[in-house]
Amino acid sequence: MPSVDLLPLTGWPFDLDSTLQSGQVFHWHPHRGGWAGLIGDVPVWISQPQPNLLHCTGGRGPLISQYLGLDHDLTSLTASFPPQDQPLQRAIAWCPGLRILRQPAWECLASFITSSLKQVPHIRKISLTLRERFGHPAPAADLPPQWTYPTPEALAQAGEAALRDCGLGYRAAFLHRTACDIAGGHFDFAGIARLPDEAARTALCQLHGVGEKIANCALLFGWQRLAAFPVDVWVERVLRQLYFAGNPDIKAKTLRDFARTHFGPAGGYAQQFLFHHARLAGALDRMATAR
DNA sequence: TTCCAGGCCCATG
DNA sequence: CATGGGCATGGA
């Protein structure tokens, strides 16, 4: 038997299953009562046999703790939310163990470029196909076959047609052009980490296929900018219905401005709680807002 | 069959 | 600045 690390959990709840299935990340597989996946190029296995305990691949406890954001102080972060915000408090109470991951920035950004106008299961399929065709194998004893996320160089080399052949549709051109910009040294990808949020968002939006929403996803999940607040179709419905009485005349820009100012420095966490609750708990009356 | 999905680009007012 | 059409693909 391979060795196993034990990670005791204390304080604020943590929910491994919900976190790995929350639409932040797209490559984890159910395996032996837990999850198999890669953190960067490191194959790992994680399970949560009890609410207050994780088991994981021996020797990988520190890496996994970092990836899962186990150090995030949710007590403080949630205390920074606006008081008396009932919709947000309900969403937190519904799944308090949801955590924002620390993903490798490139695979996060690239995955979200392939996400536009797609449902989570299909984003996942695209991600796994790209890995298998253009990544490299990362074998590990007792784990299923896995492949790393392809580098910008590998995707640039692959060519747009080969990407399109992975089911990307019109997103193939976006992903290919972005990969070429980064691989060719025309975009300072490493420099994003040194920029303040607003400048980083502006820079990312210069990449093809990256608008405000995808930039915010990448900043939140890939660069740990916890104030970044992605507004997708779900969150737009949440904001409109729960904070603007379902008024269909409220403009999208008004909703984005509200989100940025209302939720504060940990707004990204608020967004994840609201998104997760809306998507999985049926918290919204979709008919009322569908027009 | 029709509608929609963790949007973005680009052409018009 | 803001609005609307178009876009590839697949599942409900």
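Since the model is a prediction, treat every value here as computed from it, not as a measurement. Lettering follows sequence order; numbering is per chain, from 1.
Linking Ile, Leu, Val, Met, Phe, Trp and Tyr residues whenever their side-chain heavy atoms come within less than 4.5 Å places A/L242 and A/F275 in a single cluster. The hydrophobic clustering, which links ILVMFWY residues whose side-chain heavy atoms are closer than 4.5 Å, places A/W12 and A/L274 together. Under a hydrophobic clustering in which Ile, Leu, Val, Met, Phe, Trp and Tyr are joined whenever their side-chain heavy atoms come within less than 4.5 Å, directly or via other members, A/W147 and A/W45 fall into different clusters.
Between A/Q24 and A/H276, the side chains place no donor N or O within less than 3.5 Å of an acceptor N or O (distance only, hydrogens not considered). A/Y149 and A/H27 share no donor-acceptor pair across their side chains, judged by distance under 3.5 Å alone.
Spacing of P atoms, B/dA11 relative to C/dA8, comes out at 15 Å, to the nearest Å. Nucleotides B/dG6 and C/dA2, compared at atom C1', are 23 Å apart to the nearest Å. The gap from the C1' atom of B/dC4 to that of C/dC7 amounts to 14 Å, rounded to the nearest Å.
A/L175 places its CG atom 14 Å from the P atom of B/dC8, with the value rounded to the nearest Å. Atom CZ in A/R279 sits about 12 Å away from atom P in B/dA5, given to the nearest Å. Taking atom CZ on A/F221 and atom P on B/dG6, their separation rounds to 13 Å, with Å as the unit. Put simply, CH2 on A/W234 is 12 Å from P on B/dC4, counting in whole angstrom units. Atoms CZ (A/F229) and P (B/dG6) sit 17 Å apart, rounded to a whole Å. If you take CD1 of A/I113 and P of B/dG7, they are 14 Å apart, rounded to a whole angstrom. When the P atom of B/dA5 is taken as reference, atom NZ of A/K213 falls 12 Å away, rounded to whole Å. Spacing between atom CZ of A/F275 and atom C1' of B/dG7 amounts to 13 Å, rounded to whole angstrom units.
For A/R177, the CZ atom is loosely surrounded, since the number of other residues' heavy atoms within 6.0 Å does not exceed 12. More than 12 heavy atoms of other residues, nucleotides or ligands lie within 6.0 Å of CD in A/E153, so this atom counts as buried by the packing criterion. With a 6.0 Å radius and a threshold of 12 heavy atoms from other residues, nucleotides or ligands, A/Q84 has its CD atom at or below the threshold.
Both key distances under 3.5 Å define a Watson-Crick or G-U pair, and stretches of 3 or more such consecutive pairs in DNA chain C run B:2-5 with C:9-12, B:7-13 with C:1-7.
Non-hydrogen atoms lying under 4.0 Å from DNA chain B are contributed by nothing in residues 249-269 of chain A.
Paired with A/Q272 under the rule side-chain contact (heavy atoms from CB on, under 4.5 Å), one option of A/V235, A/L226, A/I92, A/L98 passes, and it is A/L98.
In this structure, A/L9 belongs to a hydrophobic cluster whose other members, linked by side-chain heavy atoms under 4.5 Å apart, are A/L7, A/F14, A/L16, A/L20, A/V25, A/W28, A/W35, A/I39, A/V42, A/V44, A/I46, A/L54, A/L63, A/I64, A/Y67, A/L68, A/L70, A/L101.
At a threshold of 4.0 angstrom between heavy atoms, the contacts of A/S22 include nucleobase atoms, whether or not backbone atoms are also involved.
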At a cut-off of 3.5 Å, list every protein nitrogen or oxygen paired with a nitrogen or oxygen from nucleotides 9-13 of chain B, distance to 0.1 Å.
residue: B/dC9; atom: OP1; partner: A/G209; partner atom: N; Å: 3.1

Can you give me the N/O atom pairs linking the protein to nucleotides 9-12 of chain C at distances under 3.5 Å, or say none if there are none?
residue: C/dT9; atom: O2; partner: A/K118; partner atom: NZ; Å: 2.6

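With sequence neighbours left out, the side-chain hydrogen bond (donor to acceptor under 3.5 Å, both in side chains) criterion links A/K213 to no other residue.
Residue A/Q272 places a side-chain atom within donor-acceptor reach of the base of B/dG6, judged by atom type and a 3.5 Å distance cut-off alone.
How far SG of A/C166 is from CZ of A/F134: 4.5 Å, rounded to the nearest 0.5 Å.
Using a cutoff of 4.0 Å between basic side-chain nitrogens and carboxylate oxygens, A/R260 and A/D197 are not scored as salt-bridged.
Contact detail for A/C108 and A/C217: the closest heavy-atom pair is SG-O, 4.1 Å.
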